[in-house]
Every structure is written in C-alpha cells, then in structure tokens.
There are 2 protein chains.
Amino acid sequence: MTDPYVAYREALSLRGLRVTPQRLMILHVIDEGNGHLTAEQIGDRIRAKFPAIHQGTIYRTLELLREAGLVSETHLGDRSAVYELMGNHPHHHLVCDRCGSITEVGDTLLDPLRAALLTEFGFRARTEHFAIFGLCAQCAQQRNSASGIE
Amino acid sequence: MTDPYVAYREALSLRGLRVTPQRLMILHVIDEGNGHLTAEQIGDRIRAKFPAIHQGTIYRTLELLREAGLVSETHLGDRSAVYELMGNHPHHHLVCDRCGSITEVGDTLLDPLRAALLTEFGFRARTEHFAIFGLCAQCAQQRNSASGIE
DNA sequence: TTTTATGCAAAAGCTTTGCACGCCC
DNA sequence: GGGCGTGCAAAGCTTTTGCATAAAA
C-alpha cells in the first residue's frame, strides 16, 4: 500500500501548484468523504488533528482545487456545497426531502438525458456529480400508509 | 382581464393563510419572474414601488408559501435560490458555467430519468424545477475554436 | 532569494430572529 | 378584540478579503 499522498503531490506539481501539507490533507479528507462533505466539515475533520489550520485556508484551497480541475463542487440544496475528487468513479446523489438520506446511484442513468440535451440544445451538461431531490422509497411508503393512500 | 390578485387571495384563504398586501405582491412578482428571481431580487422589485416592505418579510413569506405548497424553491448553484409559482407549466433551467446564460427547457425531457429512478430505486424525484449546469452551445463552440479543437 | 500560501482577524453578504405595533379576521 | 403579520434592528452564519509572517520552489 503506497502512500496516497504521493499521488496528491504529483497532481499538484503537474499543474504548477505548490505542495503544502494543508493541501495534501484537504485532498485526503475530500477523498475519504467521497463527495459527501461540506467545506466546514472538511475543516472540522482536519482541525480535529491539526487545530491550527484555519477555515479561511479551506475555502481558498477548495476554490483553487476546483479551478485546477482536481475537485468538483456540488450544491445539495439548502445545505452548502459538497466536494469530491474528480477522477473518482462518477456517481450521483438522490437526496430525500423528508429524512435527508442520501443514496448513491451510478452515472449511466443520466446518459439519455445528456444525449437529449446535446442533440436538442447543443448543451454540454456537466454532470460529473448531480443532486436530485425527492422522496426516498421508505419515506414515500410511510407517507402513503400514514394517510391511507392519500 | 380579471384581477390576478383574486386568484392569489383565494389560494391563500383556501389554506387558512391570512391575506395581506405583502403576500399578494410577493406572489405577483414571483409569477412575473417565471422562476428566475432570487429572494433579494423579489424584494428589490417590490421595494421599487413600496419601499417600506422589509427584506425580512420577504424571507418569512417565501418560507410560508413554500411550506404551503404555493411556491417552489430551486437552488441555482452558487448561492441563492430562485422561486416560482407551483402550477405554472413545469420547466427546467440549463445554466451555463461560463457565460451564466439560462435556457428554459420542457419537462418531458426528464421523463426517462424519472421513470428509471422510480423503478430502480423507488425514488420519487421532485423535479418540478430542475437546474442543470454545463456549457451552452455558444460557449462550447467558442472554446473549441479558441483552442483549435482542444 | 523570490514567490506564494497560510494564519489571523475583520468585514461582507445573506438569512434568521425578537420585539412592539398594526392589520386581518 | 384577539391573534397573527410586518417593520425594524440586531444577531447569526457562512464565506471572502487584507495583511504580516512563514513556507515552498
């Protein structure tokens, strides 16, 4: 098992970005979070071990990594954005309005939509990480039974 | 041409909500905006005519209308949400990452996705107003020609 | 050595909240 | 008249920004 930080070092250097411990840690935590962590959560996780790291640095670094194409940013509704390493397997999130549960789904699901947008509107959808809101199976069932098939 | 406010009065009363001039104006402006206005923009438009109406009232009223099911809330990336009257013809927004342009598209485009989510995951997607990010036709073309088919 | 990133703190935006007055029912 | 909504202002929260120091190249 090689040091995963080696890959992060290389990714930063290749883009002419400086390699700092803060950036390496942030990349590591983003990867661990698998696209589920907000900027604040990323900061909290890092500060649990290294309290000196300031939240301002997190925000600046996330913007940098996003512009460099290393990290994607997805807005999960009323909550803040969540971050994810690009190049990880593409997936999407079904967010339940009621219970807040998040379900991961594969990327092929969006193929028909992408194709339609491109042919009909020439629009190249950036769908490496999509958030879809609604009711999960459990909550939909509960709502039906609670009100006697409303 | 009947007074559109009559419909708003009725909609509020039917749900046991009080009818106030502020709420009527907010509903009217939301309808005019056709799902493109943020809370602040709604406030600005109203204050252009009636400066006394406070932004706090806008926020409180939008939350009320959303909970009452009269208005839908869509998060268009960066930050603020945009608001739209429910029951208006469903449509969605293609938001260009580069130029910020917003293209309206019909609702049937999402039918295959909705069906797949329901059969595969039992997830009832709430897709009355969807935001899809990417590159519009113009910007995609510009990018290709600029870098010689990158 | 030069350039750039970080820590720190203050500021900036957006949204929420408490209170007293006024309007809707 | 009773209760709810609004105006007002202050507080809260997330994110951004300026500056001096520290670290990377």
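A quick note: this is a predicted structure, and the numbers were derived from the prediction, not measured.
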Could you give the CE-to-P distance, from Met25(A) to dT6(C), as a whole number of Å? 10 Å

Is there a side-chain contact between Thr57(B) and the phosphate of dG5(D), meaning an N or O under 4.0 Å from OP1 or OP2? no

Under the 3.5 angstrom rule, does the side chain of Gln55(A) hit a backbone N or O of Ala39(A) as a donor-acceptor pair? yes

I want to check one thing: is the phosphate of dT16(C), taken as OP1 and OP2, less than 4.0 Å away from some side-chain N or O of Tyr59(B)? no

Starting at CD1 of Ile26(A) and ending at C1' of dT6(C), how long is that distance when rounded to a whole Å? 10 Å

Roughly, in whole Å, what's the span from CZ in Arg9(B) to P in dC25(C)? 8 Å

Taken to the nearest whole Å, NE2/His54(A) to P/dG18(D) is 16 Å

Under 4.0 Å from OP1 or OP2 of dG5(D): is there any side-chain N or O of Arg23(B) that close? yes

Name the closest nucleotide to the Thr61(B) side chain, picking from dA24(D), dC23(C), dT6(D). dT6(D)

Under 4.0 Å, counting only non-hydrogen atoms across every strand here, what does Pro51(B) touch: a base, just sugar-phosphate, or nothing? nothing

Please state whether the rings of His28(A) and Tyr5(A) are parallel, tilted or perpendicular, taking 30° and 60° as the class boundaries. tilted

Please give, in whole Å, the distance from dC13(D) P to Asp44(A) CG? 14 Å

Go nucleotide by nucleotide along DNA chain C from the 5' end; which of Leu64(A) and Leu17(B) gets its closest nucleotide reached first? Leu64(A)

Rounded to whole Å, how long is the line connecting atom CD of Gln55(B) with atom P of dC8(D)? 13 Å

Carefully, step by step, assess Asp107(B) and His92(B) under the rule side chain to side chain donor-acceptor pair (under 3.5 Å). CA-CA 7 Å; Asp107(B) 185 50; His92(B) 310 283; 2.5 Å; yes

At 4.0 Å (heavy atoms only), tell me whether Glu40(B) reaches a base, stays on the sugar-phosphate, or touches nothing. sugar-phosphate

Taking the side chain from Thr119(B) and the backbone from Ala115(B), do they hold a donor-acceptor pair closer than 3.5 Å? yes

Rounded to whole Å, CZ of Phe50(B) lies from C1' of dC23(C) at a distance of 16 Å

Tell me whether the side-chain N/O atoms of Gln22(A) come closer than 4.0 Å to OP1 or OP2 in dG7(C). yes

Could a donor-acceptor pair under 3.5 angstrom be found where the side chain of Arg47(B) meets the base of dG7(D)? no

Rounded interatomic separation in angstrom, taking CD from Glu73(B) and C1' from dC14(C): 13 Å

Given that Thr20(B) and Gly56(B) both sit by DNA chain D, which one's nearest nucleotide is further toward the 5' end? Thr20(B)

Check: Leu117(A) main-chain N/O paired with Glu120(A) side-chain donor or acceptor under 3.5 Å: no

Across the strands shown, which category fits Arg60(B) at heavy-atom distances under 4.0 angstrom: base, sugar-phosphate, nothing? base

